[in-house]
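A short write-up of the structure that comes next.
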Amino acid sequence: MIEIKIHSNSKSVDEAVRSLVSTRHALAGSLVTMPVMYPSGASVVLEVAVHGDRCFVSDMGTAFEEAEMMGTSRYFKSEAARIAVGYGIRFDGRLMFVAEVPIDNVHGAMVVVANASGDAARAAANKQSERHEHDAKELLYERLVSVYQNRHVAKDAEAIGQSNHKWKISVLVRDRASTLMFEPVSGYYITAVGTAAKFHDFAALECPPTRIAVIKSREDIGDFFGLVAGASSKVVHASEPDSTFIGLLNAA
């Protein structure tokens, strides 16, 4: 959440603020680029229309467009409606806005709408990530139950890392002295970074378990590949034959 407060006339502070916020004025209103980002990295842009001593402040539907671009629109409307209520602003199915705000309060209205718009886009992306993660976990669990028929295969098993934090493992496979941890990983920030943190914690144990990241493809995980690979014992493609997964257990 952003909040802009200026307590200095310093030239350097003024220049820093100008680099964060930019404004374009037109007859219909002003377009203000705010220091709040959507999941894609794009900045939130607000429209501020002044009518006498009242203002209309909206995100112009850019969070809605962000969700459409990222394929998260199925979750966006419900998340945006919930977040708008929490911020005390309005959402009409596309725009997040504040209507009829006194011009003296326009600064606060801009901060609130920008934060709400960014939060709505992130919440929709998080919901999509959770749905994707759940589906990938179910498919992986069913696959490993079939591959490791005579071993103990558990879904959402809990295990404690070196930090003493209790983690939930998507699929845990045990066979005699061997323990394999499987995590489906995609290019979603939460999934990739969460898996890396989890695997690094277990890698720090005196006798670390085998940590296996299962990906759809190198292209799907994108720039997060190096991060995940650095914390994993092995990165395998979900499309690998059963013999590959059997080999992982034999090598553990």
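For reference, positions follow the sequence shown, starting with 1.
- F199 is linked by a ring pair (Phe, Tyr, Trp, His ring centres under 6.0 Å) to nothing, counting only residues two or more places apart in sequence or in another chain.
- Taking all atoms of both residues into account, the shortest heavy-atom contact from M96 to A116 is SD-O, 3.7 Å.
- A donor atom on one side chain and an acceptor atom on the other are not found under 3.5 Å apart for Y38 and S43.
- With S233 contributing its side chain and R211 its backbone, the two residues share a donor-acceptor pair below 3.5 Å.
- The minimum heavy-atom distance linking M110 with V32 is given by the pair CE-CG1, 3.6 Å.
- Counting only N and O atoms by type, the side chains of S40 and E66 include a donor and acceptor under 3.5 Å apart.
- In plain terms, the two heavy atoms of V185 and A213 that are nearest each other are CG2-CB, 3.9 Å.
- In terms of hydrophobic clustering, with Ile, Leu, Val, Met, Phe, Trp and Tyr side chains grouped at heavy-atom distances under 4.5 Å, L180 and W167 are assigned to different clusters.
- For the pair I160 and H165, the minimum side-chain heavy-atom distance is 4.5 Å or more.
- For the pairing with K155, the salt bridge (charged side-chain N to carboxylate O under 4.0 Å, His left out) check across E138, E142, E183 returns one residue only, E138.
- Judged by distance alone, the side chain of R122 and the main-chain N or O of M37 form a donor-acceptor pair under 3.5 Å.
- Residues satisfying the salt bridge (Lys or Arg N to Asp or Glu O under 4.0 Å) criterion with E206, sequence neighbours excluded, are absent altogether.
- Heavy-atom contacts from other residues, nucleotides or ligands closer than 6.0 Å to CG of N250 number more than 12.
- Considering L140, V236, I169 in turn, L140 is the only one that fulfils the side chain to side chain contact (heavy atoms under 4.5 Å, CB included) rule with F182.
- Pairing each heavy atom of A231 with each of A196, the nearest pair is CB-O, 3.6 Å.
- Closest approach of T62 to S117, counting heavy atoms only: OG1-OG, 4.4 Å.
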Side chain to side chain donor-acceptor pair (under 3.5 Å) between Y75 and N126, intermediate numbers included:
CA-CA 9 Å; Y75 303 105; N126 289 344; over 6 Å; no
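- Residues in residues 125-148 take part in these ring pair (Phe, Tyr, Trp, His ring centres under 6.0 Å) pairs, two or more places apart or across chains: H132-Y188.
- The minimum heavy-atom distance linking L172 with M181 is given by the pair CD1-CG, 3.6 Å.
- The closest side-chain donor-acceptor pair between S129 and T191 falls under 3.5 angstrom.
- Looking at residues two or more places apart in sequence or on another chain, you find no ring pair (Phe, Tyr, Trp, His ring centres under 6.0 Å) involving H152.
- For the side chain to side chain donor-acceptor pair (under 3.5 Å) condition, the pairs that include at least one residue of residues 91-100, sequence neighbours left out, are E65-R94.
- Residues satisfying the ring pair (Phe, Tyr, Trp, His ring centres under 6.0 Å) test with F91, not counting sequence neighbours, are F76.
- We find the CG-CG distance between D59 and L46 to be 7.0 Å, quoted to the nearest 0.5 Å.
- Of the charged side-chain nitrogens involved, none lies within less than 4.0 Å of a carboxylate oxygen, so that D201 and K198 do not count as a salt-bridged pair.
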